[in-house]
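Down below is the structure, laid out as structure tokens.
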Amino acid sequence: SLTQHRAWVLFGKIGDKVRLRPLVVAGDKDRSPESALEGLLFDGDKRRRREGLHGLLCEIAPAWDRPEWESVSHFLNTLGSLPATTFDLVDALSEVPAVAAGALIRCCGDAAALERVWRGLDELPFLWETLPLDAWVATAEALQTHARHLSEQSGMPVAQLVPLVLRAV
């Protein structure tokens with residue numbers, strides 16, 4: 001039923017090409033957002049939505065255990081089949097260097113995902129070569145922190161967990 005979700009996005013695809021402009025179909029407008037990210041994505045004020053997404057992405061950059069990363073991954077999975085400019089979240093991600101670096105590093109266990117993120121963000125006004133070194137360092141530190149946290153919970157050595165984490169995220 002259309003009403004069990006807040007909105008639906010319909011795409012007119014022929015083969016693997018989007019031929020029609022995406023259309024948003026309203027669902028249950030009274031349904032409360034399930035997360036801060038969902039609330040931002042449905043905010044009708046473009047400036048407030050963009051600023052909110054930027055702020056949220058800055059918050060999750062160092063925290064790989066945040067549930068928002070799963071949603072980010074879902075949006076990144078549309079790259080290659082939908083234009084990178086389709087979703088504000090992907091565009092906002094390209095403006096937060098540590099999140100862009102994190103998105104790429106998080107998919108290192110999957111060559112197809114790595115290529116999809118690399119090429120997808122290249123569709124935007126974005127160059128991987130311009131990401132500052134401190135964004136890559138912050139991403140490596142976030143990975144290390146996440147692996148240490150998982151190591152404490154599981155008892156596995158960090159060195160064994162890092163390759164597993166990169167395959168799982």
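A salt bridge (charged side-chain N to carboxylate O under 4.0 Å, His left out) check over residues 116-130, counting only residues at least two apart or in different chains, returns the pairs E115-R119. Residue pairs that meet the salt bridge (charged side-chain N to carboxylate O under 4.0 Å, His left out) test with at least one member in residues 78-88, sequence neighbours left out, are R49-D88.
A search for salt bridge (Lys or Arg N to Asp or Glu O under 4.0 Å) contacts involving R48 returns D43, not counting sequence neighbours. Partners of D65 by side-chain hydrogen bond (donor to acceptor under 3.5 Å, both in side chains), not counting sequence neighbours: none found. Applying the side chain to side chain contact (heavy atoms under 4.5 Å, CB included) test to S151 and every residue at least two apart in sequence or in another chain returns V158, L161. With sequence neighbours excluded, the residues that form a side chain to side chain contact (heavy atoms under 4.5 Å, CB included) with Q153 are H149, L150. By the side-chain hydrogen bond (donor to acceptor under 3.5 Å, both in side chains) test, R50 is found to be paired with D91, E95, residues two or more places apart in sequence or in another chain being considered. Residues passing the side chain to side chain contact (heavy atoms under 4.5 Å, CB included) test with T85, sequence neighbours excluded: P83, L124. For E141, there are no side-chain hydrogen bond (donor to acceptor under 3.5 Å, both in side chains) partners two or more places apart in sequence or in a different chain. Every ring-ring contact (aromatic ring centres under 6.0 Å, His included) that W118 has, sequence neighbours left out, goes to W128. Take P62 and apply the side chain to side chain contact (heavy atoms under 4.5 Å, CB included) test, not counting sequence neighbours, and it matches no residue. Under the side-chain hydrogen bond (donor to acceptor under 3.5 Å, both in side chains) criterion, E51 pairs with R47, not counting sequence neighbours.
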